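Data block below; observations after.
Remember, it's a predicted structure, so these values are computed and weren't measured experimentally. The sequence lines fix the lettering, A, B, ..., with proteins before strands; numbering per chain opens at 1.
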Amino acid sequence: AQTVTQSQPEMSVQEAETVTLSCTYDTSESDYYLFWYKQPPSRQMILVIRQEAYKQQNATENRFSVNFQKAAKSFSLKISDSQLGDAAMYFCAYRRMYSGGGADGLTFGKGTHLIIQP
Amino acid sequence: DVKVTQSSRYLVKRTGEKVFLECVQDMDHENMFWYRQDPGLGLRLIYFSYDVKMKEKGDIPEGYSVSREKKERFSLILESASTNQTSMYLCASSVSPHEQYFGPGTRLTVT
């Protein structure tokens with residue numbers, strides 16, 4: 001079974017600075033997807049960024065980027081120029097890739113609470 | 001925009017009651033999911049469905065059942081609610097294998 005570990009229950013960063021959230025995972029699959037989701041106090045889960053394991057290039061979305069190390073099974077999220085609106089719970093998630101029909105749920109880490117200090 | 005709606009934001013039920021949580025998506029997605037979210041545990045998959053009338057157990061199906069009679073609607077059923085089912089319940093939908101789109105969640109309290 002796949003597992004996802006987020007070792008930082010809480011992180012704090014000054015506004016405008018850069019912060020990195022850690023995520024490691026364990027899987028025997030070679031093809032899979034990794035995601036970072038954000039959950040603000042409104043509780044709405046919002047996709048931040050997605051990485052396909054077969055792609056060597058790290059995904060980037062504006063101020064958000066990942067450092068994907070497949071051999072190390074590591075998938076960290078870097079937030080540059082932190083803003084007050086970035087304050088939220090951040091969840092790392094894994095999903096295996098499959099062929100054919102069917103579906104698969106996401107395996108989530110326990111989350112990191114990100115605090116932005118003004 | 002994809003929209004996933006859940007029937008209630010907050011729900012209070014008594015122990016032993018039968019509870020229905022409803023989820024509707026408007027994007028014709030094949031796949032729908034029910035997760036449970038608890039502090040310190042993250043989100044855990046209860047059940048999912050990849051087609052009408054099709055369902056698969058997730059990681060924690062005990063005490064729950066599901067129903068999918070129409071493509072856009074996926075219901076989570078607590079046959080006899082217990083206090084340990086007090087939690088946040090999140091519904092999601094997807095077009096495989098892409099990201100899942102989540103509803104706003106239902107905070108269920110069982111007293």
Side-chain angles (χ1 to χ4, degrees), chain A residues 1-10 21 23-25 29 31-55 59 61 64 66 88-113, chain B residues 1-6 8-10 23 25 29-52 54-61 66 68 71 74 76 87-108:
Chain A
Q2 297 82 16
T3 58
V4 177
T5 301
Q6 293 179 249
S7 59
Q8 306 151 318
E10 187 172 278
L21 308 184
C23 173
T24 59
Y25 58 94
E29 306 277 342
D31 290 323
Y32 46 87
Y33 294 92
L34 295 165
F35 305 89
W36 278 99
Y37 278 89
K38 168 185 177 181
Q39 188 180 42
S42 67
R43 304 190 329 220
Q44 181 68 54
M45 292 283 283
I46 302 164
L47 177 69
V48 175
I49 202 163
R50 177 181 75 187
Q51 176 80 43
E52 291 89 347
Y54 61 85
K55 291 185 178 179
E61 288 287 341
F64 299 86
V66 298
M89 283 292 291
Y90 285 81
F91 292 96
C92 178
Y94 166 100
R95 184 191 183 287
R96 70 183 178 104
M97 190 179 294
Y98 64 92
S99 59
D104 236 359
L106 297 171
T107 299
F108 285 87
K110 295 182 179 181
T112 296
H113 181 211
Chain B
D1 280 351
V2 176
K3 191 161 187 182
V4 180
T5 57
Q6 296 183 228
S8 304
R9 290 278 282 176
Y10 299 93
C23 176
Q25 51 96 1
H29 286 173
E30 301 100 347
N31 308 309
M32 297 188 74
F33 307 83
W34 276 106
Y35 294 89
R36 169 176 173 159
Q37 182 178 10
D38 299 288
L41 296 179
L43 283 77
R44 294 176 291 168
L45 180 65
I46 304 172
Y47 266 98
F48 64 95
S49 169
Y50 54 88
D51 201 352
V52 175
M54 305 303 291
K55 60 185 179 183
E56 293 282 347
K57 292 179 180 179
D59 299 319
I60 52 165
V66 291
R68 193 168 181 198
K71 191 174 186 179
F74 191 36
L76 179 69
S87 188
M88 172 77 76
Y89 291 89
L90 292 166
C91 175
S93 71
S94 78
V95 176
S96 303
H98 301 125
E99 62 267 20
Q100 296 181 10
Y101 297 88
F102 284 82
T106 295
R107 189 176 295 280
L108 172 68

Revision key, fill the gap. Counting heavy-atom pairs under 4.5 angstrom with chain A, the leader among B:Met54, B:Arg107, B:Gln37, B:Glu56 is B:Gln37

Check your understanding: Under a 4.5 Å cut-off applied to non-hydrogen side-chain atoms, are B:Gln100 and A:Met45 in contact?
Key -> no

Review point. Which residue, B:Lys71, B:Glu30, B:His29, forms the side-chain hydrogen bond (donor to acceptor under 3.5 Å, both in side chains) with B:Ser93?
Key: B:His29

Review point. For A:Phe108, which residues count as a ring pair (Phe, Tyr, Trp, His ring centres under 6.0 Å) partner, sequence neighbours excluded?
Key: B:Tyr35

Review point. So, the side chain of A:Gln51 versus the backbone of A:Ala59: is there a donor-acceptor pair under 3.5 Å, distance only?
Key: yes

Exercise for review: With a 4.5 angstrom heavy-atom cut-off, could you sort out which part of A:Gln6 is near chain B: side chain, backbone, both or neither?
Suggested key: neither

Practice item. Identify which part of A:Arg43 has an atom lying under 4.5 Å from any heavy atom of chain B, answering side chain, backbone, both or neither. Key: both

Point to revise | Sequence-distant partners of B:Asp38, side-chain hydrogen bond (donor to acceptor under 3.5 Å, both in side chains), two or more places apart | key: B:Arg36, B:Arg44, B:Ser87

Practice item. Side chain from CB out, backbone as N, CA, C, O: work out which of these in B:Leu45 comes under 4.5 Å of a heavy atom of chain A, or both, or neither. Key: side chain

Check your understanding: Relative to chain B, which segment of A:Leu106 carries a heavy atom at a distance below 4.5 Å: side chain, backbone, both, or neither?
Key -> both

Check your understanding: Can you say whether A:Thr107 sits under 4.5 Å from chain B via the side chain, the backbone, both, or neither, judging by heavy atoms?
Key -> neither

